[in-house]
Number of protein chains: 2
Amino acid sequence: MFQIDRFGRTPIYEQIIDQTQRLIASGILKEGDQLPSVRALSQELSVNPNTLQKAYSELERRGLCVSAPGNGRFVTAEAFRIVGEGTKERLEELKKIAEELCMAGMPMEQVFHAVNDAYGKEIES
Amino acid sequence: MFQIDRFGRTPIYEQIIDQTQRLIASGILKEGDQLPSVRALSQELSVNPNTLQKAYSELERRGLCVSAPGNGRFVTAEAFRIVGEGTKERLEELKKIAEELCMAGMPMEQVFHAVNDAYGKEIES
DNA sequence: CAAGTGTACTATAACGGATAGTACACCGAT
DNA sequence: ATCGGTGTACTATCCGTTATAGTACACTTG
């Protein structure tokens with residue numbers, strides 16, 4: 001369910017956060033679903049439990065999940081809405097890259113094609 | 001000419017590299033132009049000379065500039081072409097973000113609009 | 001009670017980034 | 001020739017972040 005890159009510069013706990021958000025955004029993780037326990041996931045990924053605890057705490061702080069001590073940790077009802085609010089920033093990122101490509105002389109048509117490609121890809125996944 | 005963000009996670013030396021590449025890509029820095037000296041820039045930005053040396057060394061390794069010891073450091077003739085080659089990766093980045101936005105349910109039309117915006121923006125800058 | 005869950009805390013190792021300081025070599029102008 | 005600017009090389013050190021190790025405790029469910 002999770003995939004860790006131990007070489008890149010993005011810390012593990014942040015990779016967990018990002019991937020969880022994507023799983024929620026894409027509807028794979030829904031309201032009420034249980035997240036893997038820190039201990040179980042720590043074994044599966046060979047990662048220290050504290051590192052996962054850090055990631056989960058942050059997800060909780062953002063309101064994406066709640067902990068039921070002694071029971072588990074579950075996706076909240078608002079999770080989908082909350083991650084959706086972050087798309088504005090992502091769009092700004094995309095815009096910034098587009099500006100750079102513009103400056104670098106890439107034709108707009110080519111960028112359009114890439115976007116179209118990305119949206120067409122949903123069929124095969 | 002350079003703008004440093006001391007809070008983000010991207011290291012200073014990498015910010016220098018990125019910004020220099022953008023200045024070249026956008027044609028502001030042309031062949032033969034002299035880059036700020038390590039000492040001058042170190043004062044202007046309140047950054048250690050070694051940090052800038054690190055950035056400049058990398059730019060040199062990539063063939064974007066050459067050093068003339070005792071004289072200065074200058075943009076090469078191939079610089080513009082070389083930074084242009086990196087646009088493929090940038091386009092891939094953009095595509096990846098577009099895929100995420102797709103998954104998050106953002107209409108493609110809106111992404112198109114952002115790209116269009118980015119390309120129209122060149123007039124005002 | 002036992003096993004699984006979350007939580008809290010301290011300590012430590014490891015790495016990268018940035019700094020400080022020094023020294024040397026080169027070029028150009030005066 | 002000297003001086004002031006340039007690039008270069010090196011060592012040492014500090015600091016913050018990341019990740020780990022280890023322990024202990026509280027809670028819930030079966």
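Residue numbering restarts at 1 for every chain, and letters A, B, ... go by the order of the sequence lines.
In terms of phosphate contacts, B:Tyr13 brings a side-chain nitrogen or oxygen within less than 4.0 Å of OP1 or OP2 of C:dG17. The side chain of B:Lys54 contributes an N or O atom lying less than 4.0 Å from OP1 or OP2 of C:dG17. Note on B:Arg6: a side-chain N or O is less than 4.0 Å away from OP1 or OP2 of C:dT19. Distances shorter than 4.0 Å separate none of the side-chain N or O atoms of B:Ser37 from OP1 or OP2 on D:dG5. Phosphate proximity of D:dT18 to A:Thr51: absent, as no side-chain N or O sits under 4.0 Å from OP1 or OP2.
For the pair A:Ile4 CD1 and D:dT18 P, the interatomic distance rounds to 14 Å; values are reported in whole Å. Remark: P of D:dC15 and CD1 of B:Ile12 are 16 Å apart, rounded to the nearest angstrom. Here C:dT5 presents its P atom at 11 Å from CG of A:Leu41, a figure rounded to the nearest Å. We find that CG of B:Asn48 is positioned 17 Å from P of D:dA12, with the value rounded to whole Å. We find that CG of B:Asn50 is positioned 14 Å from P of D:dA12, with the value rounded to whole Å. The distance between atom OH of B:Tyr56 and atom P of D:dG7, rounded to the nearest whole Å, is 8 Å. In this structure, the CG atom of A:Asp5 is 15 Å from the P atom of D:dT18, given to the nearest Å. If you take CD of A:Gln53 and C1' of D:dT18, they are 16 Å apart, rounded to a whole angstrom.
Under a 3.5 Å cut-off, the side chain of B:Glu31 and the backbone N or O of B:Glu78 do not form any donor-acceptor pair. Not one N or O on the side chain of A:Thr51 forms a donor-acceptor pair closer than 3.5 Å with the backbone of A:Val47. In this structure a side-chain-to-backbone donor-acceptor pair under 3.5 Å is present from B:Thr76 to B:Ala79. Under the 3.5 Å distance criterion, the side-chain polar atoms of B:Lys88 are left unmatched by any main-chain donor or acceptor of B:Glu85.
If you chain together hydrophobic residues whose side chains sit under 4.5 Å apart, B:Leu52 and B:Ile17 fall into the same group.
Mapping A:Ala68 and A:Glu14 onto DNA chain D by nearest heavy atom places A:Glu14 closer to the 5' end of the strand. Checking A:Gly70 against B:Pro69, the closest nucleotide of DNA chain C that is more toward the 5' end is the one next to A:Gly70.
At a threshold of 4.0 angstrom between heavy atoms, the contacts of A:Glu60 are confined to the sugar-phosphate backbone, with no base atom among them. Residue contacts shown for A:Asn71 are limited to sugar-phosphate atoms, with no base heavy atom under 4.0 Å away. Among the atoms of the strands shown, none is found under 4.0 Å from any heavy atom of B:Ser42.
For A:Ser67, the side-chain atoms get nearest to C:dG6 when compared with the rest of C:dG6, C:dA8, C:dT19. The side chain of A:Arg39 lies closest to D:dC25, out of D:dC25, C:dG21, C:dA18. Taking only side-chain atoms of A:Pro11, from C-beta outward, the nucleotide of D:dA19, C:dT19, D:dT6 with the closest atom is D:dA19.
Side-chain to base pairing of A:Arg9 with C:dG16: no donor and acceptor N or O lie closer than 3.5 Å to each other.
You'll find the side chain of B:Glu100 reaches within 4.5 Å of the side chain of A:Arg90, heavy atoms only.
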